[in-house]
Number of protein chains: 2
Amino acid sequence: MKINQRHEKIIELLSREGQFSVETLAQRLDVSLMTIRRDLKTLSQTGQVSRTHGGAVLSRTGSINFLFQQRENQNLPKKQAIAREVIRMIHPGNGIILDNGSTTLEVARAMSSMSDLTVLSSSLLVASVLHTNERMEVVLLGGVVRKNFPDLTGPLTEENLKGFRVHLAVVGADAASSEGTFTHDVRTARVTKVMTQAADRVVVVFDSSKFTKTALAHCLDWKDIHVVVTDEACPESIRSWLNKAVSKVIYAPLTPSSSQ
Amino acid sequence: MKINQRHEKIIELLSREGQFSVETLAQRLDVSLMTIRRDLKTLSQTGQVSRTHGGAVLSRTGSINFLFQQRENQNLPKKQAIAREVIRMIHPGNGIILDNGSTTLEVARAMSSMSDLTVLSSSLLVASVLHTNERMEVVLLGGVVRKNFPDLTGPLTEENLKGFRVHLAVVGADAASSEGTFTHDVRTARVTKVMTQAADRVVVVFDSSKFTKTALAHCLDWKDIHVVVTDEACPESIRSWLNKAVSKVIYAPLTPSSSQ
DNA sequence: AAATTTTGTGACAAATTGAAAAAAACAGGT
DNA sequence: ACCTGTTTTTTTCAATTTGTCACAAAATTT
């Protein structure tokens with residue numbers, strides 16, 4: 001049994017029975033006392049368990065651990081450049097819908113110091129980034145918690161959106177082609193579509209690598225989109241048709257403060 | 001077999017079984033250990049898997065940090081005793097509403113290994129405890145994220161609840177007296193009240209220390225409650241009137257498995 | 001056939017584990 | 001409150017496993 005497996009097992013055992021002695025854990029997992037102590041040390045350093053004399057209990061600190069797959073962690077500079085452009089469209093008093101996705105998450109991070117905004121989102125990550133801001137109201141749309149993803153989908157999410165009307169919807173995409181935007185999951189595609197219907201202005205954000213990717217679920221047609229924000233690495237071959245398909249396209253410069 | 005094919009195969013195997021050793025992967029794909037290591041290196045650089053010593057797991061590094069005030073961390077054994085009694089009322093196929101609060105959180109923890117349940121909650125903590133269970137559907141009610149608390153309140157939360165009808169609502173209380181239950185926050189009191197209206201059966205859980213506390217917002221009348229679960233430390237002076245006020249009161253024994 | 005990419009092999013570095021000894025914490029008893 | 005014996009933790013070290021690097025062999029592409 002590998003170290004990570006053992007760590008997960010310890011957490012599992014602890015969450016089932018509350019507390020365990022080092023000795024019992026060592027017997028159950030068939031390793032030495034020393035190994036369990038080392039495991040508990042690392043687990044307590046990451047805040048997952050609390051040590052006691054002779055054992056450990058589940059840590060009940062004030063942080064939530066949502067485990068989920070981290071699909072994309074790339075193109076962060078591009079996403080940040082895109083986020084910088086998007087927040088220039090946001091003004092105090094606005095109501096904003098934020099989709100889930102790594103690019104919209106960067107938008108949320110860039111927004112985190114703004115004030116007097118109402119933010120609607122289906123993403124627990126977005127909520128976690130913004131909820132500490134006292135001058136911002138964060139509304140989490142209801143819905144089914146998707147397995148392995150920190151977001152909400154389903155009829156409830158879609159129904160909730162119908163009760164709102166916001167200035168701006170910032171939505172993402174997993175892939176883009178001349179036929180529009182695409183996402184990997186049909187459920188999130190539906191939510192994204194409804195989000196755009198609840199907003200006066202629809203901004204779609206995705207880095208230029210998305211033009212070379214494919215995703216199964218069609219999400220938005222270009223005609224439903226008011227602004228596309230992508231990055232300057234977008235090749236000319238794409239710009240030529242994209243500029244025709246969407247009324248406003250912003251190619252975010254990667255250098256932080258080039259102009260304006 | 002091409003390199004990309006192999007990478008996809010590794011992801012596929014990992015998503016099926018969660019974890020693989022380098023050696024097993026090398027055997028399955030009929031390549032050397034070095035090749036697998038190189039594959040895992042590139043896959044972990046693109047964030048698709050996480051390396052472990054001797055193997056790899058699907059990347060699940062994402063953890064959300066909701067910081068919040070940690071009001072109560074006491075009486076854990078009592079709360080766990082209460083939770084043990086509550087889960088005996090829960091059966092496969094049921095729909096359950098879980099309120100927020102430290103006692104209902106223990107109920108969620110006790111529920112975490114059950115299956116075929118639909119759980120509605122306004123608590124992000126409850127969702128974080130249950131969302132990894134594949135055999136459970138976790139529905140988060142929409143609402144405003146309360147500052148410093150990992151839960152949702154507001155009109156949207158209340159409105160959402162009206163669309164559901166569940167077998168059991170498990171709700172908490174910050175204080176209890178002969179006049180009913182009380183909570184510190186008016187907003188959560190409202191949500192709790194609506195929760196009870198959406199359930200066939202209302203179970204209120206709180207440890208016996210709550211009888212000596214006060215909280216400003218009146219939440220529930222005893223007549224609206226079907227079952228109260230508290231712990232055996234509840235004094236006789238309270239039991240005498242509580243037994244008359246509520247049709248069923250359970251005084252959970254603190255010893256884990258005394259009898260049944 | 002040459003160039004590029006991919007794969008395998010060996011030597012060495014790093015991590016994981018378990019055992020034993022030393023240090024610290026705990027529980028009674030005086 | 002102090003001491004003492006026991007339990008637990010920490011420290012250190014050696015054995016084993018695993019990972020990394022550099023370079024050669026093989027396969028693929030041009």
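All of these numbers come straight from a predicted model, not from anything done at the bench. A, B, ... follow the sequence lines: proteins, then strands. Residue 1 opens every chain.
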**Prompt:** Hey, are A:K210 and A:D174 close enough for a salt bridge, meaning a charged N less than 4.0 Å from a carboxylate O?
**Reply:** no

**Message:** Let me confirm one number: the OG-CD1 distance from B:S208 to B:I238, rounded to the nearest 0.5 Å.
**Reply:** 8.0 Å

**Asked** Through what angle, rounded to 10 degrees, does the axis of the helix from C:dA1-D:dT30 to C:dT30-D:dA1 turn between its ends, using five pairs per end?
**Response** 40°

**Request:** Would you classify A:S21 as touching base, sugar-phosphate or nothing, given that sugar-phosphate means primed atoms plus P, OP1 and OP2, and contacts are heavy atoms under 4.0 Å?
**Result:** nothing

**Asked** With a 4.0 Å cut-off on heavy atoms, is A:K41 in touch with a base, just the backbone sugar-phosphate, or nothing at all?
**Response** nothing

**Asked** Excluding sequence neighbours, so at least two apart, what forms side-chain hydrogen bond (donor to acceptor under 3.5 Å, both in side chains) with A:T214?
**Response** none

**Message:** Would you call the rings of A:W222 and A:F206 parallel, tilted or perpendicular, taking 30° and 60° as the class edges?
**Reply:** tilted

**Fill in**
So the salt bridge (charged side-chain N to carboxylate O under 4.0 Å, His left out) pairs with at least one residue in residues 15-26 of chain B (sequence neighbours excluded) are B:E12-B:R16, B:E17-B:R28

**Request:** To the nearest 0.5 angstrom, please state how far the OG atom of B:S121 sits from the CG atom of B:L105.
**Result:** 9.0 Å

**Asked** Are a donor atom and an acceptor atom from the side chains of A:T183 and A:D185 found within less than 3.5 Å of each other?
**Response** no

**Message:** Contact between A:L152 and A:V144 at the side-chain level, heavy atoms closer than 4.5 Å - yes or no?
**Reply:** no

**No-hydrogen, no-angle side-chain donor-acceptor test under 3.5 Å, B:S102 and B:K79** = yes

**Prompt:** Does anyone know the first and last nucleotide of DNA chain D in reach of chain B, 5' to 3', at under 4.0 angstrom to a heavy atom?
**Reply:** D:dT18 to D:dC21

Would you tabulate the nitrogen or oxygen pairs shorter than 3.5 Å linking the protein to nucleotides 6-8 of chain C?
unit_1: C:dT7; atom_1: OP1; unit_2: B:R6; atom_2: NH1; d: 2.5
unit_1: C:dT7; atom_1: OP1; unit_2: B:R6; atom_2: NH2; d: 3.3
unit_1: C:dT7; atom_1: OP2; unit_2: B:R6; atom_2: NH2; d: 3.0
unit_1: C:dG8; atom_1: OP2; unit_2: B:S32; atom_2: N; d: 3.0
unit_1: C:dG8; atom_1: OP2; unit_2: B:S32; atom_2: OG; d: 2.9
unit_1: C:dG8; atom_1: OP2; unit_2: B:T35; atom_2: OG1; d: 2.3
unit_1: C:dG8; atom_1: N7; unit_2: B:R38; atom_2: NH2; d: 2.5
unit_1: C:dG8; atom_1: O6; unit_2: B:R38; atom_2: NH1; d: 3.2
unit_1: C:dG8; atom_1: O6; unit_2: B:R38; atom_2: NH2; d: 3.3

**Request:** Spell out, as yes or no, whether a donor-acceptor pair under 3.5 Å connects the side chain of B:D99 to the backbone of B:G172.
**Result:** yes

**Request:** Quickly work out the A:R37 CZ to C:dA19 P distance and round it to whole Å.
**Result:** 12 Å

**Asked** Do other residues, nucleotides or ligands put more than 12 heavy atoms under 6.0 Å from B:R239 CZ?
**Response** yes

**Item:** Salt-bridge criterion met for A:R6 and A:D39 (N-O under 4.0 Å)
**Value:** yes

**Message:** Quick check: do B:L98 and B:M111 have side-chain heavy atoms less than 4.5 Å from each other?
**Reply:** yes

**Prompt:** Which part of the nucleic acid, if any, lies within contact of A:T42, taking any heavy atom under 4.0 Å across all strands shown: a base, the sugar-phosphate backbone alone, or nothing?
**Reply:** nothing

**Complete:** Nearest-nucleotide check on DNA chain D, B:E23 vs A:G55; residue mapping nearer the 5' end is A:G55

Pull out every protein N or O sitting under 3.5 Å from an N or O of nucleotides 21-27 of chain C, one pair per line with the distance.
unit_1: C:dA25; atom_1: O3'; unit_2: A:H53; atom_2: NE2; d: 3.0
unit_1: C:dC26; atom_1: OP1; unit_2: A:H53; atom_2: NE2; d: 2.8

